[in-house]
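One structure is given here, and the rest of the page talks about it.
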Amino acid sequence: MQTRLNDTSASKAVVILVAAGSGERLAAGVPKAFAPLCGESLLAHALRGIFGCAEVGHVIIVSPLSHVEHCRDVAGGTNGTDGGKPRVDVVTGGATRTASVQAGLRALLPDDAIVLVHDVARCLAPPELFARVIGAVRTGEAAVVPGLPVTDTVKVVNAEGRVVQTPDRESLYAIQTPQGFRREVLEHAHASGASATDDAALVERTGGQVRVVAGDPMAMKITVPVDMLMAAALLKDGLHVR
Ligand code: C5P
């Protein structure tokens, strides 16, 4: 069943915030979502960015089993820039990112027509980025991803460590989250049972069109310890680099 354009053009969005990863590569001693960045957890930073977007009406935090109550506490203690707050639900994640997104999908409410999926690892994504992605879905796009042009030269390397291809850099974008979808498009993509490192890849594999909108350097991904240093610098001085 297709969601009619006027269903999504007026409705607020739901954000599935995947925060159930272990963060082994960060080695913070706690799951990544609860690692401290300038005195607050990545989860608190991520929620502030989401709560700051007035177009978000519902947030589903996908938590490690051990941290469900902790997620509720962090959500309760975090406010958006204007003090407003959407409905927040907390569910338990799965063994892979894809399984965690699917846990979030099972918690959607009947009226959730626009679904954003966001990694807690991109905890400094600003409210305007959420608004940009939601706006593109509202204008009729089925799937929307933020992206930044790649500045490195990227090579495809085989298992023996030999370069097999150098794709034309002009056509390469580094893709971020939040990624936005018409609900039925995302549900259809996940119904395939396949796994991927982002949700747009599942849409592509099921024949869907994915639109790229401008990404934001603040939406950098925190994966390894040095990323924490960069995120701390961005947090202190972010407006000057965007
Ligand atoms: O592992 P990776 O860095 O790709 O994780 C991306 C995002 O997916 C992170 O926000 C992480 O918390 C989340 N994730 C999850 N459940 C998993 C694995 C990752 O929610 N089992």
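For ligands, and for the atoms within them, numbers begin at 1 and follow the listed sequence.
- Counting heavy atoms of neighbouring residues, nucleotides and ligands inside a 6.0 Å radius, atom CG of D111 does not exceed 12 of them.
- Of all the heavy atoms in A35 and A28, the pair that sits closest is CB-CB, 3.8 Å.
- Counting non-hydrogen atoms of other residues, nucleotides and ligands closer than 6.0 Å to CZ of R211 gives a total of 12 or fewer.
- Residue-to-ligand polar distances keep V62 apart from ligand 1: every N/O pair is separated by 3.5 Å or more.
- Residue G21 holds the heavy atom nearest to atom 11 (C) of ligand 1 of all those in C123, A46, G21.
- No side-chain heavy atom of K236 sits under 4.5 Å from any side-chain heavy atom of L234.
- For L65, the CG atom sits in a loose shell: 12 or fewer heavy atoms of surrounding residues, nucleotides or ligands are nearer than 6.0 Å.
- Here the shortest heavy-atom distance to atom 20 (O) of ligand 1, taken over S22, G93, A20, belongs to A20.
- The option with the heavy atom closest to atom 13 (C) of ligand 1, from among V18, L43, L42, T197, is V18.
- When each atom of ligand 1 is checked for a heavy atom of T96 under 4.0 Å away, the hits are 16 (N), 17 (C), 18 (C), 21 (N).
- Looking at D198 and Q179, their side chains do bring a donor and an acceptor atom within 3.5 Å of each other.
- Counting heavy atoms from C-beta on, the side chains of L124 and L235 come closer than 4.5 Å.
- The aromatic rings of H67 and F34 lie parallel to each other, with less than 30° between the two planes, well short of the 60° mark.
- Listed by number with element, the atoms of ligand 1 under 4.0 Å from a non-hydrogen atom of A95 are 21 (N).
- At least one heavy atom of A19 sits closer than 4.0 Å to an atom of ligand 1.
- Taking every non-hydrogen atom of K221 and a distance limit under 4.0 Å, the qualifying atoms of ligand 1 come out as 2 (P), 3 (O), 4 (O).
- Distance from atom 21 (N) of ligand 1 to its nearest protein heavy atom, with residue and atom name: G94 O, 2.9 Å.
- For atom 5 (O) of ligand 1, no protein non-hydrogen atom is found at a distance below 4.0 Å.
- The existence of a salt bridge linking R97 and D119 is confirmed by a sub-4.0 Å separation between a basic side-chain nitrogen and an acidic carboxylate oxygen.
- The shortest separation from a heavy atom of R122 to ligand 1 is not under 4.0 Å, leaving the residue out of contact.
- Relative to atom 18 (C) of ligand 1, the option among E24, R97, R25 with the closest non-hydrogen atom is R97.
- Classification of K32 and E24 as a salt-bridged pair fails, no side-chain N sitting under 4.0 Å from a carboxylate O.
- Which parts of ligand 1 touch S100 is read off a 4.0 Å heavy-atom cut-off, strictly below it: atoms 15 (C), 16 (N), 17 (C), 20 (O), 21 (N).
- Taking every heavy atom of K32 and a limit of under 4.0 angstrom, the matching atoms of ligand 1 come to 3 (O).
- Distances from ligand 1 to the non-hydrogen atoms of T223 include no value under 4.0 Å.
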